[in-house]
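Here's the structure, in structure tokens; my notes come after.
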Amino acid sequence: MQDSSNIASYTQNHSLDNKEIERYGRQLITPDIGVQGQMLLKAAKVLIVGAGGLGCPVALYLAAAGVGMLGIVDYDTVEIGNLHRQIGHRESSTGVPKCESLAAQIKELNSLVETKTFNTVFTSDTAIDIIKQFDIVVDASDNVATRYLVSDACVLTKKPLVSGSALKWEGQVTVYNYNNGPCYRCLFPVPPPAETVTRCSDGGVLGPIVGVIGSLQALETIKIINNNPQNGVLSGRLMIYDGLAAVFRTVRIRSKQASCQVCGDNPTITQLIDYTQFCRSNYSESAGKVEDRVEKEKILTVDQYNDILKSSTKHILLDVRPKNQFEICSLPNSFNIPIEDIDKEDSIEKINVWVKDDQLPVYLLCRRGNKSQDAVESICKKIDSKFHSQLKHIKDGLLGWAESIDPSFPIY
Amino acid sequence: MKVTVELSGGLELLFDKKKTHTLEFADKDEIPLRDLILYMRDNLLKERAELFVVDNTVRPGILVLINDADWELYDGIEYIVKNGDTIIFISTLHGG
Ligand SMILES: [Zn+2]
């Protein structure tokens with residue numbers, strides 16, 4: 001039996017103990033990682049903005065790989081509807097803050113990893129102080145305002161940003177603000193018009209899609225930490241994944257722009273701004289309250305509609321959600337014409353029969369009472385103005401119905 | 001001349017849900033990218049032109065790629081599209 005002072009000499013030039021060597025063995029022997037790479041991972045501090053579909057795989061893979069410190073920012077709590085894609089949470093965590101739930105899973109996976117949780121909205125007031133505590137930032141957020149905020153904050157604090165996004169069957173991933181490469185603003189100097197932004201809660205998203213994109217983000221983070229000159233970090237390039245077509249494509253994007261407002265030669269943004277105003281949207285995926293855009297006379301509340309039903313007043317209920325949503329659940333006796341078809345000739349023909357020939361009121365319905373307002377406006381443009389008063393939209397939509405009238409209506 | 005146009009990130013929904021369109025201009029052997037974009041707006045777009053074109057260029061939030069490279073690496077909207085080019089329009093995604 002040797003004495004323990006000799007055992008220390010088995011390992012030199014690094015401080016990984018036997019347990020770490022055993023745990024990370026497959027990773028240690030991977031070309032271009034090695035002991036030095038593992039030491040770098042152990043010393044690294046990575047901030048993950050968002051503990052959702054992207055943030056979960058990023059956090060789990062980085063924790064498993066032995067990143068020393070993981071920070072997680074998220075203000076939201078776990079809901080059952082998150083679990084099909086947010087694989088770092090569990091049924092038992094329903095109602096728990098997402099950052100706490102994910103940190104608990106990290107601890108179970110690898111107790112050597114330290115976590116720091118920030119159960120707060122990431123805003124212009126908090127971003128810099130949080131980011132300063134880390135070396136690398138991962139954008140795993142779900143909204144435009146946060147993406148501009150994170151990118152600007154990374155430029156101002158000189159941190160590389162590993163950015164991923166996903167919707168439906170598609171995902172995109174790239175690295176910003178790395179080695180003199182472009183930032184988010186170099187690529188997108190002007191935010192997209194709010195009406196062109198589709199949220200996952202409206203468009204849907206698949207678990208394996210965010211899984212793929214989040215895994216790619218974790219890998220790029222490991223490459224940046226590993227800092228090997230041979231690493232082809234995904235900067236100045238954008239990887240696009242179309243899961244439905246099973247196609248990956250990597251395209252070359254512009255370099256850092258001299259004219260960029262935040263990272264260019266003469267930056268005009270030298271401190272964080274109000275990104276909700278800049279993007280005309282919230283730091284949140286949820287759409288929030290829908291504002292009334294149509295005239296008062298064209299609005300029907302769910303209570304008023306319920307009274308109409310009770311009094312058996314004849315009417316047409318026209319649901320304008322996409323067909324696949326209508327198939328999930330619908331009110332009895334409702335017709336479905338998806339909003340994108342509403343102003344097509346045969347739809348208008350049908351509506352004209354209802355309002356003109358049958359002289360019936362037509363009530364427009366959707367999930368939240370947003371698109372139903374668009375529907376009223378589109379139809380009004382296509383039918384005679386003397387029938388306009390027969391059109392109304394149902395405010396708050398089916399979610400309002402479920403909340404105020406019948407909680408047994410399925411929510412998705 | 002023949003040009004391949006590809007749409008991604010949901011833009012295909014505006015173009016009959018087709019991700020790839022092959023366009024033929026029998027009387028031309030080149031076409032300015034600006035004209036191609038306006039041609040697409042006027043001939044291929046099924047609805048809501050403002051979701052694709054604003055102020056005679058693509059709206060903010062769309063990346064345009066010429067043969068797999070950002071149009072900013074070429075002449076942007078002034079690029080002259082040639083026979084066989086592939087022009088890709090990508091709407092950036094924000095979800096996660
Ligand atoms: Zn920039």
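Naming convention: chains lettered A, B, ... in sequence-line order (proteins, then strands); numbering from 1 in each chain.
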Is A:T198 close to chain B through its backbone or its side chain, or both, or neither, when contacts mean heavy atoms under 4.5 Å? neither
Is A:R185 close enough and on-axis enough to A:F278, meaning under 6.0 Å and within 45°, for cation-pi? yes
Distance-only, no hydrogens or angles: does the A:Y61 side chain make a donor-acceptor pair with backbone N or O of A:G214 under 3.5 Å? no
By a 4.5 Å heavy-atom criterion (distance strictly below it), what part of A:L238 contacts chain B: side chain, backbone, both, or neither? side chain
So which residue, A:E195, A:Q257, A:Q86, A:R249, ends up with the most heavy-atom pairs under 4.5 Å with chain B? A:R249
Proximal component of A:N143, with respect to chain B [non-hydrogen, under 4.5 Å]: backbone
Does any backbone or side-chain atom of A:I209 lie under 4.5 Å from a heavy atom of chain B? Answer side chain, backbone, both or neither. neither
Judged by atom type as modelled, is there a donor-acceptor pair below 3.5 Å linking the side chain of A:R293 to the main-chain atoms of A:N370? yes
Honestly, the part of B:T92 sitting under 4.5 Å from a heavy atom of chain A is both
Checking heavy atoms, do the side chain of A:P189, its backbone, both or neither come under 4.5 Å from chain B? neither
Is the side chain of A:D74 donor-acceptor paired with the backbone N or O of A:K98 at a distance under 3.5 Å, no angle test? no
Hey, what's the ring geometry for A:Y184 with A:Y176, parallel, tilted or perpendicular (30° and 60° as the breaks)? perpendicular
Relative to chain B, which segment of A:V205 carries a heavy atom at a distance below 4.5 Å: side chain, backbone, both, or neither? neither
Candidate list B:L11, B:L65, B:I62, test side chain to side chain contact (heavy atoms under 4.5 Å, CB included), partner B:I90, passing option: B:L65
Distance only, no hydrogens: is a donor on one side chain within 3.5 Å (strictly under) of an acceptor on the other, for B:T57 and B:D55? no
Answer key: most heavy-atom pairs under 4.5 Å with chain A among B:L63, B:L51, B:I88, B:L13 is B:L63
Using heavy-atom distances under 4.5 Å, tell me whether A:R147 contacts chain B through its side chain, its backbone, both, or neither. side chain
